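The next block holds one structure in the form of structure tokens; read it before the comments.
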Amino acid sequence: EEVPSVAPVGVVVARSSDGLSMNISWPPLTLSQAGGFVDYYIISYGPVGDSTRQLLNTTQAYVVVSSLNATISYLVTVGGHTVLGLGPTVSVTSSPLAGPTAPPGSSMLTSAIAGAVIGGILTALLVVAVILTILILRSKRKGRLFIGTNSHDMSTKNGKPQHLELTSIN
């Protein structure tokens, strides 16, 4: 037995469609590459630029990790381990989701909903203002007119001016 002489080659990191998990896979080391039998593979992962890492051991040539942040990149490192220790490792970076897609519950979705609600409220207020304007203009066109030009010849009742409805004669 020996420590593996090479790192796993062809490591593939595939993010899920929502970006919250990733499948990490690689071709298993051969007996000659591993210097014997591989007891397990060690996988570490964490946000790029962050020293915090999660460690996993697996006897398979793949692993699925979840509970990720869809908006950040992760650094993934894989290495084979024999009874004599860990061999060379290889690192691969996974990218965050591309484009404007965001995970459910994100502030982007919340902002879009809030914008739609505010837009709807403003539209409703505009419609009410237009209807009130039309009603006011129609009431003025009906011809309500006060009779008289001063307080002596103005028709009053209980101290309030009276008005007459004008109708057209056809």
Side-chain angles (χ1 to χ4, degrees), residues 1-140:
E1 292 276 328
E2 296 177 18
V3 172
S5 60
V6 297
V9 178
V11 174
V12 175
V13 178
R15 294 289 284 264
S16 62
S17 61
D18 63 5
L20 300 177
S21 64
M22 63 183 162
N23 182 16
I24 307 163
S25 60
W26 58 93
L29 293 175
T30 65
L31 284 175
S32 64
Q33 291 172 326
F37 179 72
V38 174
D39 291 330
Y40 53 89
Y41 294 92
I42 295 178
I43 298 94
S44 72
Y45 67 96
V48 171
D50 190 340
S51 62
T52 305
R53 295 276 177 251
Q54 301 293 322
L55 290 174
L56 302 170
N57 295 337
T58 181
T59 57
Q60 304 296 317
Y62 67 91
V63 68
V64 176
V65 296
S66 57
S67 300
L68 302 176
N69 181 332
T71 63
I72 63 173
S73 296
Y74 283 86
L75 181 64
V76 177
T77 303
V78 181
H81 190 280
T82 65
V83 292
L84 294 179
L86 179 64
T89 60
V90 63
S91 295
V92 177
T93 301
S94 77
S95 298
L97 287 180
T101 306
S106 74
S107 61
M108 189 169 142
L109 178 60
T110 304
S111 296
I113 292 171
V117 169
I118 290 170
I121 290 170
L122 290 175
T123 302
L125 288 173
L126 180 63
V127 168
V128 168
V130 167
I131 290 172
L132 287 175
T133 302
I134 291 171
L135 290 175
I136 290 169
L137 290 174
R138 280 188 177 174
S139 71
K140 286 184 178 183

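Fair warning: this is a prediction, and the values are worked out from it, not measured in the lab.
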Nearest heavy-atom neighbours spanning Y45 and L68
CE1-CD2, 4.0 Å
Applying side-chain hydrogen bond (donor to acceptor under 3.5 Å, both in side chains), which residue pairs with at least one partner in residues 85-94 are found, sequence neighbours left out?
R15-S94, T77-S91
Qualifying ring pair (Phe, Tyr, Trp, His ring centres under 6.0 Å) pairs, either residue in residues 64-85, two or more places apart:
Y40-H81
Which residues pass the side chain to side chain donor-acceptor pair (under 3.5 Å) test with S73, sequence neighbours left out?
none
Shortest non-hydrogen contact from D18 to A70?
O-CB, 3.3 Å
Scanning both residues in full, the closest heavy-atom pair of G79 with P8 reads CA-CD, 4.0 Å
Residues 21-31 side chain polar contacts: donor-acceptor under 3.5 Å, at least two apart:
| unit_1 | atom_1 | unit_2 | atom_2 | d |
| --- | --- | --- | --- | --- |
| S21 | OG | S16 | OG | 3.3 |
| T30 | OG1 | S32 | OG | 3.3 |
| T30 | OG1 | Q33 | N | 3.1 |
| T30 | OG1 | Q33 | OE1 | 3.4 |

Using ring pair (Phe, Tyr, Trp, His ring centres under 6.0 Å) as the criterion, list what pairs up with Y62, not counting sequence neighbours.
none
Closest non-hydrogen contact found for T82 with D39 is C-OD2, 3.2 Å
